[in-house]
Amino acid sequence: MAPMGDNVVVSNMKLERMLSMKGGKGEGSYADNSQAQAQHARSMLHLLKETLDGVHLSSMDVPFVVVDLGCSCGSNTIYIVDVIIKHIIKRFEALAIDPPEFTAFFSDLPGNDFNTLFQLLPPLASYGSSMEECLAADNHRSYFAAGVPGSFYRRLFPARSIDVFHSAFSLHWLSQVPESVVDARSTAYNRGRVFIHGANEAAAAAYRKQFQTDLAGFLQARAQELKRSGSMFLVCLGRTSLDPTDQGGAGLLFGTHFQDAWDDLVQEGLISNEKRDSFNIPVYAPSLQDFKEVVEEDGSFSINKLEVFKGGSPLVVNQPDDAAEVGRALANSCRSVSGVLVDAHIGDRLGVELFSRVECRATNHAKDLLEKLQFFHIVASLSLA
């Protein structure tokens with residue numbers, strides 16, 4: 001991303017156009033720093049397949065349509081879509097029904113690096129062959145693919161057109177930072193902080209309300225787009241504490257060394273207090289009750305399964321005893337998901353300074369990070385009420 005200067009404050013109006021995981025390839029990219037998400041997703045495949053087993057299949061389903069919402073730009077989304085389609089094909093075969101053609105839509109915000117994603121897509125298998133031959137073809141896909149840019153907090157697809165919605169590690173991203181959190185006149189002003197973790201009650205309440213509003217919008221949009229026979233499988237960062245100011249793993253990721261690195265820039269005179277305070281990470285890790293309340297109040301969906309799942313650490317390192325590798329892994333993990341926003345707020349040069357301080361601090365606390373940094377996820381299997 002091109003430098004935007006040191007005096008740019010990202011408004012909530014611009015967040016949707018700007019927010020994305022860090023694209024391309026390289027040390028700070030999402031594609032090269034999403035191994036933990038891949039491991040967590042694989043550990044939940046049995047829950048995904050339970051959801052897929054609840055989808056009603058019919059020979060009239062032509063094509064069968066799968067959507068991954070918040071696909072980002074790495075190979076994880078391609079792997080999951082492949083798992084979904086192969087499982088559905090096996091179900092069709094068990095019913096002695098010829099599998100239909102399949103379409104997969106990869107959807108994310110407009111700033112997503114769709115180019116990198118499409119370069120990772122394997123070539124389409126020939127549909128002149130049998131489905132068995134298509135599936136047997138190595139490094140080929142058995143579905144048509146397309147990208148759909150836009151916010152999943154609004155409508156993205158025609159009514160009753162989708163068989164399966166999948167979304168993983170995305171719904172904790174809010175559509176905007178609550179305005180009161182960055183308003184110095186408000187009791188919810190998150191003074192001295194860049195994340196909800198450890199914030200005052202008013203700031204926490206503002207974040208929680210934003211999450212509720214966003215999730216309700218998400219559900220209302222999907223309720224119109226999903227076929228009556230379809231199902232939805234959702235995974236987002238969650239927390240085990242009832243206190244929203246205790247964001248668990250997300251709090252340790254964004255509320256400790258990342259927070260301290262911002263404070264370093266202030267203390268060194270590189271940015272002002274106001275510059276720091278006008279930046280907040282638009283993430284909210286809900287509790288199980290937070291999530292359940294929104295689904296039940298909206299009323300569009302029935303809950304087939306809703307649970308907290310222990311995902312594990314977001315840090316994937318080859319040598320856990322190497323503190324420098326742990327520090328680098330934490331800094332790259334932070335940068336891959338927040339780097340675009342950071343660079344837009346303080347410019348590329350100071351962004352580099354910030355994440356170098358994150359790395360230094362994390363290196364000094366490597367053992368503690370490996371022991372304590374654990375992610376929990378809210379896992380939901382939903383079908384239309």
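- Under the 3.5 Å distance criterion, the side-chain polar atoms of Lys275 are left unmatched by any main-chain donor or acceptor of Val266.
- Using a 4.5 Å cut-off between side-chain heavy atoms of Ile, Leu, Val, Met, Phe, Trp and Tyr, with links allowed through other members, Leu174 and Leu69 fall into the same hydrophobic cluster.
- Side-chain contact check for Leu219 versus Met232: some heavy-atom pair is nearer than 4.5 Å.
- Annotation: side chain of Phe92 is in contact with side chain of Phe64 (closest heavy-atom distance under 4.5 Å).
- The line from CD1 of Ile89 to CG of Asp98 is 11.5 Å long, rounded to the nearest 0.5 Å.
- Of the possible donor and acceptor atoms, none in the side chain of Arg193 sits under 3.5 Å from a partner among the backbone N and O of Asp277.
- At a threshold of 4.5 Å between non-hydrogen side-chain atoms, the residues Thr245 and Asn200 do not count as touching.
- In summary, the side chains of Thr256 and His197 do not present any donor paired with an acceptor at a separation below 3.5 Å, with no hydrogens or angles considered.
- Leu156 is listed as a side-chain neighbour of Arg222, based on a closest heavy-atom distance under 4.5 Å.
- Within a 6.0 Å sphere centred on CD of Glu50, other residues, nucleotides and ligands contribute more than 12 heavy atoms.
- Between Val342 and Phe279 there is a side-chain heavy-atom pair separated by less than 4.5 Å.
- With salt bridges taken as basic N to acidic carboxylate O contacts below 4.0 Å, one links Arg357 and Glu353.
- Contact between Thr363 and Gly327 at its shortest, heavy atoms only, is OG1-CA, 3.4 Å.
- Counted by atom type alone, Gln210 and Ser175 present one or more donor-acceptor pairs between their side chains at under 3.5 Å.
- The two residues Ser338 and Phe355 have their closest heavy-atom pair at OG-CZ, 3.7 Å.
- Between the side chain of Arg239 and the backbone N or O of Gly251, no donor-acceptor pair lies under 3.5 Å.
- With contacts defined as side-chain heavy-atom distances shorter than 4.5 Å, the pair Ile78/Leu117 qualifies.
- Shown here for Cys71 and Asn112, the closest heavy-atom pair between the two residues is SG-ND2, 4.0 Å.
- Within a 6.0 Å radius of CG in Asp243, more than 12 heavy atoms belonging to other residues, nucleotides or ligands are found.
- Side chain of Asn190 to backbone of Val182: no donor-acceptor contact under 3.5 angstrom is found.
- Taking the charged nitrogens against the carboxylate oxygens, Arg328 and Glu325 have no contact shorter than 4.0 Å, which rules out a salt bridge.
- Relative orientation of the Phe218 and Phe152 rings is perpendicular, given thresholds of 30° and 60° on the angle between their planes.
- Between Arg208 and Asp290, at least one side-chain nitrogen of the basic residue sits less than 4.0 Å from a carboxylate oxygen of the acidic one, meeting the salt-bridge criterion.
- At a cut-off of 3.5 Å, with distance as the only test, a side-chain donor of Ser300 or Asp298 sits close to an acceptor on the other residue.
- Other residues, nucleotides and ligands place no more than 12 heavy atoms under 6.0 Å from the NE2 atom of His365.
- The number of heavy-atom neighbours closer than 6.0 Å to CD of Glu293, taken from other residues, nucleotides and ligands shown, is above 12.
- Looking at Lys227 and Asp163, a side-chain N of the basic residue comes within less than 4.0 Å of a carboxylate O on the acidic one, giving a salt bridge.
- Between the side chains of Asn280 and Tyr207, at least one donor N or O sits under 3.5 Å from an acceptor N or O.
- Relative ring orientation between Phe254 and Trp173 is described as perpendicular, the plane-to-plane angle rising above 60° on a 0-90° scale split at 30° and 60°.
- For the pair Leu171/Tyr153, a side-chain contact is recorded, criterion being any heavy-atom separation below 4.5 Å from C-beta on.
- Residues Arg141 and Asp82 are not paired through a salt bridge, judged by the lack of any N-O separation under 4.0 Å between the basic side chain and the carboxylate.
- Residues Ser186 and Asp183 have side chains that never bring a donor and an acceptor to within less than 3.5 angstrom of each other.
- Using a 4.5 Å cut-off on side-chain heavy atoms (C-beta onward), Leu52 and Ser231 make no contact.
- The backbone N or O of Val194 lies less than 3.5 Å from a partner atom in the side chain of Gln259, making a donor-acceptor pair.
- Asp263 and Gln267 are not linked by any side-chain donor-acceptor pair at a separation below 3.5 angstrom, with hydrogens and angles left out of the test.
- Under the 3.5 Å distance criterion, the side-chain polar atoms of His257 are left unmatched by any main-chain donor or acceptor of Ala331.
- For the residue pair Leu47 and Val379, the shortest heavy atom distance occurs at CD1-CG1, 4.0 Å.
- Between the side chains of Asn273 and Arg276, a donor-acceptor pair is found at a separation under 3.5 Å.
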